[in-house]
Amino acid sequence: LRWHDNAALASAASENGLIQPVFVFDTDILARFVNPKDRRLNFLSAVLCQMDAQLKKQGGSLLVLHGSAVEVIPALVRATHAKTLHAAADFEPSTRVRDKTVADALEGICDFKRVKDHLIFAPHEILKADGTPYKVFTPYSKAWLAKLNDDTVAVKVAPHVKWTNHSHDVISQAGLKILDLSRGPAALLEQIGYTYIEDAQWPADAGPEMLRGFAASGGLSRYGETRNEMALKGTSRLSPYVRFGLVSVREAVRAALSQTTHETWLNEIIWRDFYAMILFHFPETPTQEFNERYRGNALQWSQNTEHFEAWKAGKTGYPVVDAAMRQLLEEGWMHNRARMIVASFLTKHLHLDWRWGEEHFAQYLMDYDQASNVGGWQWAASTGTDAQPYFRIFNPTTQGEKFDAEGEYTRRYVPELRALSAKHIHTPYKFGRPENYPAPIVVHEESRAKALEMFKRIA
């Protein structure tokens, strides 16, 4: 969702034909996300309206449709007599099926060109010498870095773009639902059954400037030192902008390489490619453990829904866990260190299925990406590729004391504890817990012992 450094647009422009940009609110995807106030839809609607306004100044328009993409795209091609369809390749299991279905429907009618855009290296580009996929991050990252060069991250230029405006009447007669962008993002969302909520947290046009500012201020260079301090703005918060394509991942790598110290931040981009590669080659991982020994009922996860509801609401009695879970609900985002803490707590303290946590994150995270989310949850649960060893179990209290030493992050999201000192805020149950804050729902030592027992039976 950008005009600059867009591989699909560059591909289309290279053919010197008239270009019609299209976005589909795919009902097959939206079916999973039932929250009528989903902030990601706010984000998307604002972006689309901005892009349409920019395009109209150049004599074009953005065509936004609503329906099942596997039906909408072929029908649109037929209605417009398009010669070529250009799109960014998608590597998730369900979207690969979608794209193949579209390709089959267009065979003999229209060329369908898919280009790499949202990853630096596609899943088939970084493989072991024998042609099999890597399962461990470190050797993958070494191969990734060895293959990286200036051409890999060069700007995808689309010079001399010639836009076109297709007749809405012709398209509507093909049975397609064209959405009206002229009345703004709120009216746009209303047309597809969602409610627009003003969200100052995520300005639609802020991404490129956020990246430049993060690099210019030294945040990118200091990332390795500051990324775990939850109260600091030590991370870029760019992930939603990269996720929805408002910032090119190539631009993110170029920004990293412009800094003398960039290894830790660049590593996060490599992890993103790594998890996309894992999901591509092991498409069962959203529903099954990567490590086959843990599949089925091997781990005997708890079914305690009261514990799950307390975790979702940020009412576990463990301050740093509760702060993180409330941040997710309030902002649609969570600090990376906090993501590891709450995932470990769900799986190793509450002994609840990692899939429950993955789905909750899917419903709220602004930067939700299936490959990274599944990979991260399986890492925390010790069931995934290159995962945290099962015997390394985060103590949520000491995690808070270490990474939120003054309690600033916790106070920000758990107002019940704002009166407590830094010394007491992570253990309120020892120092006069406020009546409106819950006691711990589990005991750390007991839960840790039970988790070790769960895994030892299999290991």
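Remember, it's a predicted structure, so these values are computed and weren't measured experimentally. The analysis underlying the following values was restricted to heavy atoms, covering all of them including side chains, and did not include hydrogens, waters or symmetry mates.
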Non-hydrogen atoms of A122 and L119 that approach each other most closely: CA-CD1, 4.4 Å

Chi angles and distances behind the side-chain hydrogen bond (donor to acceptor under 3.5 Å, both in side chains) call for R237, Q201: CA-CA 10 Å; R237 290 175 70 101; Q201 291 277 352; 3.2 Å; yes

Aromatic Y194 / basic R40 pairing, under 6.0 angstrom, 45° off normal: no

Partner of T316 under side chain to side chain contact (heavy atoms under 4.5 Å, CB included), chosen from L346, D322, V442: D322

Pair I29-R98, side-chain contact (heavy atoms from CB on, under 4.5 Å): steps then yes or no: CA-CA 11 Å; I29 294 175; R98 175 201 65 196; 4.1 Å; yes

K312 NZ: over 12 foreign heavy atoms closer than 6.0 Å: yes

Residues R254, D5; criterion salt bridge (charged side-chain N to carboxylate O under 4.0 Å, His left out); working and verdict: CA-CA 12 Å; R254 293 195 298 269; D5 197 7; 3.1 Å; yes

Taking every non-hydrogen atom, the tightest pair across D99 and F112: O-CE2, 3.5 Å

CD1-OH distance between I126 and Y134, expressed to the nearest 0.5 angstrom: 7.5 Å

Neighbour count above 12 (heavy atom, 6.0 Å) for E209 CD: yes

Under 3.5 Å donor-acceptor, N149 side chain and T152 backbone: yes

Working for side-chain hydrogen bond (donor to acceptor under 3.5 Å, both in side chains), residues D104 and T101: CA-CA 5 Å; D104 290 345; T101 304; 5.8 Å; no

From N395 atom CG to S447 atom OG, the distance as rounded to the nearest 0.5 Å: 11.0 Å

Min side-chain heavy-atom separation W301-R355 under 4.5 Å: yes

Verdict with supporting geometry, S239 and E268, side-chain contact (heavy atoms from CB on, under 4.5 Å): CA-CA 10 Å; S239 49; E268 298 298 330; over 6 Å; no

Salt bridge (charged side-chain N to carboxylate O under 4.0 Å, His left out) assessment of D199 paired with K37: CA-CA 11 Å; D199 188 357; K37 298 179 181 180; over 6 Å; no

Matching residue for E331 among W202, Y364, Y413 - test: side chain to side chain donor-acceptor pair (under 3.5 Å): Y413

Step-by-step side-chain contact (heavy atoms from CB on, under 4.5 Å) determination, V321 to Q399: CA-CA 10 Å; V321 172; Q399 287 284 307; over 6 Å; no

Proximity of F25 and F23 rings by center, below 6.0 Å: yes

Student check: side-chain heavy atoms of R32 and Q363 closer than 4.5 Å: yes

Ring-ring centroid check W311 F345, cutoff 6.0 Å: no

S344 (side chain) donor-acceptor with I341 (main chain) under 3.5 angstrom: no

Under 3.5 Å: donor-acceptor pair, side chain of H349, backbone of V342: no

In residues 65-72, what donor-acceptor pairs under 3.5 Å come from side-chain atoms, sequence neighbours left out?
residue	atom	partner	partner atom	Å
S68	OG	D28	OD2	2.7

Flag side-chain contact, heavy atom, 4.5 Å: K156 against V115: no

Distance (rounded to the nearest 0.5 Å) between L299 CG and M454 CE: 5.0 Å

Between CD1 on residue I441 and NE2 on residue H307, distance to nearest 0.5 Å: 4.5 Å

Geometric cation-pi criterion, R39 with F43: 6.0 Å, 45°: no

Under 3.5 Å donor-acceptor, T261 side chain and S221 backbone: no

Greater than 12 external heavy atoms within 6.0 Å of E406's CD: no

Step-by-step side-chain contact (heavy atoms from CB on, under 4.5 Å) determination, W377 to T347: CA-CA 9 Å; W377 270 98; T347 55; 4.3 Å; yes

Residue that, paired with F91, satisfies side chain to side chain contact (heavy atoms under 4.5 Å, CB included) out of H281, H118, Q370: H118

Close side-chain approach of L328 and L365, heavy atoms under 4.5 Å: yes

For K135 against F282, the heavy-atom pair lying closest together: CE-CZ, 3.7 Å

salt_bridge(R272, D367) N-O dist < 4.0 Å: no

Set of residues satisfying salt bridge (charged side-chain N to carboxylate O under 4.0 Å, His left out) with respect to R243, sequence neighbours excluded: none

Residue of the set E289, Q378, E359 for which side chain to side chain donor-acceptor pair (under 3.5 Å) holds with W354: E289

Y275/F137 aromatic ring centres below 6.0 Å: no

Exam field: side chain S11 to backbone A7, donor-acceptor pair closer than 3.5 Å: no

H262 vs L257 side-chain heavy atoms within contact, under 4.5 Å: yes

